[in-house]
Structure formats: structure tokens, C-alpha cells
Student: 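This is the structure I want to talk about, given as C-alpha cells.
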There are 2 protein chains.
Amino acid sequence: MLCAAPEAGIIAAMNAIQGARSRARAEITAAIKEEARRQLADEGAARLSLRAVARQLGMASSAIYRYFPSRDDLLTALIVDAYDAVGAAAERALGSAGEHPDPVARWCEVCRAVRGWARDHPHEYALIYGSPVPGYAAPRDTAAPAARIGRALLIVAADARSAGLFTPPGPGRVPAAVADDLRQLAGRMAGDAPQAPPVPAELLTAPLIAAWAQLFGLISFELFGHFNRVIEAREEFFTASVTLLAHDVGLRSPGA
Amino acid sequence: MLCAAPEAGIIAAMNAIQGARSRARAEITAAIKEEARRQLADEGAARLSLRAVARQLGMASSAIYRYFPSRDDLLTALIVDAYDAVGAAAERALGSAGEHPDPVARWCEVCRAVRGWARDHPHEYALIYGSPVPGYAAPRDTAAPAARIGRALLIVAADARSAGLFTPPGPGRVPAAVADDLRQLAGRMAGDAPQAPPVPAELLTAPLIAAWAQLFGLISFELFGHFNRVIEAREEFFTASVTLLAHDVGLRSPGA
DNA sequence: CTTTTGCAAGAGCGGTGCTCTCGATGTTGT
DNA sequence: ACAACATCGAGAGCACCGCTCTTGCAAAAG
């Protein structure tokens, strides 16, 4: 493995050397994030304490600042990870239901995957979809990961259109300013991920964006307790609501 | 005043005396809440500090605890006030659009009132509809104020039905467990506010509850920054989305 | 007038985020 | 191989936090 390809070996060795110190850095950074994520899951973002993380890791609290310049930066890292995790969950559902012929069912599966992740990681969900952190830290890093589940929903619609099961929402009048926003957004999405299949602009509709936001209204109400003593059959209610959302977006089941 | 009407005079005097000290209490309590609300609006709930409130009011920090046993209790009081404020805004919109013959427009006005209040008081909105506070303080006190805007939405539907402009959402299958929840909820709402006109149970539908939650999905996404670089024509988009929601609920415009 | 009660103030405890300095420990250039 | 360098951990310390306890004072109650 060392001499098979000389140049590759040298590069690997250099990586290993530089890796020797920066791997230690990466390992400690990962350990800090891991412990922070545990505390986040246990107590929530408000109770996450740098000193407690350091204590648990057996290091001085001041040493943490070699890896994260502030508490808000640690939280920002956790935010990015959370966006990636929920995005991955949505994409997994999208893939595993890929062959499903019913776009409505596929839409529901993606939504259910997001809800399932949220229920499994309530504090991480609250971190990204609840009140923004006071520091309001992450402007750019989170943009791409945050778009993943929106993109997953869009792919459901795109595949439905390929199968002739998408009827663009017609009668609702879309204001011109909103139409402009949607055009710009389509261009931005194409520019951000050039390798991904370009999303047809006519699928990026106002009802789809609204459904995207409304999905999180449903999840947040459930997780944040607003359905207490209102709706107890949470799963059934969510599936029914999200099915209605699919129809609003323009998806049709094959039989209909 | 003492001998005019003996019993009444004594009672009035006792009220005045008790009022003398308990009015001071009420005034200081109100001042604390007012200053706390100012800090909440400035910096958000996370940065609200009892010591800073006391400092601003020129009193020792320990004196605050005579009025609020803990920081979470102060926050709970602010939460109740915020629910009342947004509920009042919704009811005001309901009343001022009372004579409007179009239920869809009325629905939109209520929704726009909620959104307007949220934009004017973003931190208070985040306090009640964002991530729950770690202390998870208020279980019962908030239930009634929180129901006010849901009730306002319901009244729009009820008046629409009276005008023959409500078509109950039909085709979507409602699971039996959800139907049970709705029945129980209708009973509970009738019991909680016996003086209010009883809400017809057939108006308390799953789509209406869903629309209620989804409304806050739209508002939260806007306020919490998820529409940044996505939708800039916020007002137009909101109105369009909320109009679609009205149709989902079963409201019809008179002309249609 | 005395006693009881309610309130404000101060000191203090343990905790927090964060900064600074100071040695120890590599890593790098000559 | 040695010196110069950058990196890192640890400790002390600052200002702030929520909260408790005690003390003294003033007003109400008897």
C-alpha cells in the first residue's frame, strides 16, 4: 500500500503527518461536538454549557476555546450538523420510496421521515426550527444544508410530473413579486448545486414553498406542545394533514 | 365616609387599606413585567436577566423574588401576556372585519393580524411559538389564552356556515382516532367557555386544526429567517398562502 | 404601645462565558 | 542537532447570572 503508487504514497504520508496533529485536532473537535450534542439532547440548547462539556471531557474550560472561539460557534456547528441529519433522513426516505408509483405516498414518506427525526431529536429540531439563537450566528453555512429537505420535496414533485401525476396548481393567483422570487430562487438553486439535476422552474410554485413551511408548522406544534389536549392521535393527524398538503401542491395518486 | 353606611364604609375602608399595600404590590409587579417586556423585546428571552431588570428599576436584585419566585415564573407571566396580546389582535381583526361578507377575506384578515402582531413583537412571538423554555413552566395558565386565536378562526368558519359559504371538507378521509379527538375537543371548548356561543362540532375539522398549525409554520419561517433568500415578497406570499388555507378549510367567497 | 408582618437591601454561594498569562510540548527551519 | 517557532493545556481571574439567607426597617394588627 505504501509503494504501490509512489506519488500517492507520498501524498498519503504527508497527509498522515499533517494528519498526526490535525487529526488530534479533528478528534478533539469531534469529541467536543459529541459531548455537546449529548448535553443538547439531554437538556436543550439553553442549558448547554461549555464548562460542563469541558468537565465531562476532563479538560480545562479554557481549552475549549482552542477549538470553538465561542459558545455560539459551537452551537452553530451543531446547527449545521442538525440540518445535515434531518436532510439526510429526508433523502433516505426519498430514496427508499423511490420506486413507489404514488407521488402522494412518497411525499408523505418524506414528511414522515422529517417528523420522525424531529421526534427522535426534539432539542436539535428546536435548535434549527425553533426560536433562533440570540447570537443569530449562522448566515451562510446553514443555507445549503437547510435546503436539502426542500429539495427532497421538490424531487417528489419532479418525479410526479415525469409520471404525469402532477397538475400545477392553477386558480390561485400568484402575485408578480412572488413569481419573481420563485424565478430567482430557481436560478440560485441551479447555481448552488450544478451537478444535481436542474429543477424545472415550473415546479417551484408558491404552494410548494407554503407546504414546505406548513410542514414545519405541523411538526413544531406537535413537538412544542401546542397539540396537548387538542390532538392526541398525532401520527394519524399528521399523515392526514400532509396528504392534504400533497394535493395542494399538485400531486395526484395514480388511481385518481 | 365612616358613618354614612357603616357596613359598606368598613368594607370600603378595608378595601382601601388592603388596596393601599396590595396596590403598591400590583404596581411594582406591573413595573417589573413592563421592564422585563422591554428587555425581552430588545434582546430576547435568553438574554432576559432578573438582575438587569432590578438594576433598571433601582432595586436590589433579591427584591424581585418578593414578586416572582423565579425567573421562569416571570417568563411564564410574559408568556400569558403574549398569548393574550396576540389573541386580542386576532379578535380585533375578527370584529373589525365582522360585517365583511366574504369569509375568505375575513379569514385572511385574522391571519394577517396574527402575522402583524408577530412582526411587531418578534421576541414575544418566539417566546410562545418558538422553542419552549427549558423550565417548561406553564401548563394550565396558558391553555385558555392560547386558544383564543384558534377560537377566532373557528368563528370565521361558523359565520361562513351561517351565510351558506362553508362547504365541509369532504373527500379527505379522517382517521377515527382523530375524529374522537375532535369530538372531545369540541366538548372541552364548550365546557371551558360556557358563555361563548357553542361552536358547532361539525366545524371543528381536521383541516381547520391543520390550517391553524400551518399558519404558524408560515409566520415562524418568515420570522425565524427560513425565507431569507427564498421569498422576499413576504406580505404577498403570506396572503396568497393563507387564502389557499381558507379554501382547504372549506370557506368560499360569495361570488364563487 | 407592643407585636407581628411584609418588604428592601446586602452578603454570599455556585455557576456561567470569556480573557489572559504562563509553562510545556511538539513542529519547523537552518 | 539546535534554535526559533507555533500550538496547546491549565490556572487564575473578571463580570455576570439565578437564587438563598440574614438583617434591619417600616407599616399594619392587636
Side-chain angles (χ1 to χ4, degrees), chain A residues 10 13-33 35-36 39-40 42-78 127 133-137, chain B residues 2 10-33 35-36 39-40 42-78 133-137:
Chain A
I10 289 171
M14 285 182 65
N15 282 355
I17 289 175
Q18 286 201 346
R21 51 186 183 195
S22 72
R23 182 167 53 240
R25 241 199 114 78
E27 276 176 13
I28 295 185
T29 304
I32 292 173
K33 284 212 294 186
E35 176 60 30
Q39 291 195 14
L40 175 64
D42 282 356
E43 304 263 25
R47 296 211 197 281
L48 194 161
S49 144
L50 280 189
R51 290 182 111 111
V53 170
R55 215 178 300 130
Q56 203 67 24
L57 263 52
M59 62 196 327
S61 65
S62 56
I64 300 273
Y65 291 85
R66 299 279 178 194
Y67 301 89
F68 295 94
S70 83
R71 179 180 183 274
D72 278 352
D73 290 88
L74 212 193
L75 271 182
T76 300
L78 296 182
L127 186 62
V133 302
Y136 207 71
Chain B
L2 275 159
I10 290 172
I11 290 172
M14 286 181 64
N15 282 353
I17 288 173
Q18 287 201 347
R21 54 185 182 198
S22 72
R23 181 168 53 242
R25 239 199 115 77
E27 276 175 12
I28 296 186
T29 304
I32 292 174
K33 284 212 292 187
E35 176 59 31
Q39 290 195 14
L40 175 64
D42 281 357
E43 303 263 26
R47 296 211 197 280
L48 195 159
S49 144
L50 280 190
R51 291 181 113 112
V53 170
R55 214 177 300 130
Q56 203 66 25
L57 261 53
M59 62 196 327
S61 65
S62 55
I64 300 273
Y65 291 86
R66 296 273 176 194
Y67 300 90
F68 295 94
S70 81
R71 179 180 183 275
D72 278 351
D73 290 271
L74 212 193
L75 271 181
T76 300
L78 296 182
V133 302
Y136 206 73

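The chains referred to below are lettered A, B, ... by the order of the sequence lines, with proteins before strands, and numbering in each begins at 1. Since we're looking at a predicted model, the values are computed, not measured. When reading the values below, keep in mind they use all heavy atoms of this one structure, side chains included, and skip hydrogens, waters and symmetry mates.
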Student: What is the distance, rounded to the nearest whole Å, between atom CG of Leu75(B) and atom P of dC19(D)?
Tutor: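 It is 10 Å, rounded to the nearest whole Å.
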Student: So, does the side chain of Arg51(A) form a donor-acceptor pair with the base of dG17(C) at under 3.5 Å?
Tutor: yes
Student: Starting at CG of Leu48(B) and ending at P of dT16(C), how long is that distance when rounded to a whole Å?
Tutor: 20 Å
Student: Under 3.5 Å for both pairing distances: what stems, at least three Watson-Crick or G-U pairs long, include DNA chain C?
Tutor: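 DNA chain C stems, ordered by first number: C:1-30 with D:1-30.
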Student: Between dT16(C) atom P and Gln56(A) atom CD, what is the distance in whole Å?
Tutor: 12 Å
Student: Give the rounded distance in Å between these two atoms: CD1 of Ile64(A) and P of dT16(C).
Tutor: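 Computing the Ile64(A):CD1 to dT16(C):P distance gives 12 Å.
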Student: Output yes when at least one side-chain N/O atom of Ser49(B) is less than 4.0 Å from OP1 or OP2 of dG18(D), else no.
Tutor: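 Ser49(B) to dG18(D) OP1/OP2: side-chain N or O found under 4.0 Å.
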Student: Classify every nucleotide of nucleotides 4-9 of chain C by which part a protein heavy atom approaches to under 4.0 Å, writing B for the base, S for the sugar-phosphate alone and - for neither, in 5'-to-3' order.
Tutor: ---BBB
Student: Calculate the interatomic distance between Leu57(A) atom CG and dG9(D) atom P; express it in whole Å.
Tutor: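 Interatomic distance, CG of Leu57(A) to P of dG9(D): 11 Å.
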Student: Quick one: Phe68(B) CZ to dC19(D) P, roughly how many Å, whole number?
Tutor: 13 Å
Student: Hey, could you give me the CD/CG distance between Glu43(A) and Leu48(A), rounded to the nearest 0.5 Å?
Tutor: 9.5 Å
Student: Pair up each side-chain donor or acceptor in residues 50-67 of chain A with any protein partner under 3.5 Å, not counting sequence neighbours, and list the distances.
Tutor:
none

Student: If each of Pro69(A) and Arg55(A) is mapped to the nucleotide of DNA chain C with the nearest heavy atom, which maps nearer the 5' terminus, i.e. the 5' end?
Tutor: Arg55(A)
Student: Take atom CZ of Arg47(B) and atom P of dT16(C), then tell me their distance rounded to the nearest Å.
Tutor: 17 Å
Student: In whole angstrom, what separates Tyr65(B)'s OH from dC19(D)'s P?
Tutor: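 Result: 4 Å.
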Student: Between Thr76(B), Leu75(B), Thr29(B), which is the residue that forms a side-chain contact (heavy atoms from CB on, under 4.5 Å) with Phe68(B)?
Tutor: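 The option that passes is Thr29(B).
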Student: Just checking Leu74(B): base, sugar-phosphate only, or nothing, at a heavy-atom cut-off of under 4.0 Å?
Tutor: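 Leu74(B): no heavy atom of the nucleic acid under 4.0 Å.
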Student: Rounded to the nearest 0.5 Å, what separation is found between the CG atom of Leu74(A) and the CD atom of Gln39(A)?
Tutor: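 Separation between the atoms: 9.5 Å.
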Student: Please find the pair of heavy atoms, one from Lys33(B) and one from Ala77(B), that lie closest to each other, and give the distance.
Tutor: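 Closest approach of Lys33(B) to Ala77(B): CD-CB, 3.9 Å.
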Student: Looking at side-chain heavy atoms only, is the closest gap between Arg47(B) and Asp42(B) below 4.5 Å?
Tutor: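 They are not in side-chain contact.
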Student: Looking only at side-chain atoms of Arg71(A), point me to the closest of dC16(D), dG17(C), dG18(D).
Tutor: dG17(C)
Student: Let's see if you can work this out: which of dC19(D), dG17(C), dC17(D) has an atom nearest to the side-chain heavy atoms of Ser70(B)?
Tutor: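 Per side-chain heavy atoms of Ser70(B), the pick is dC19(D).
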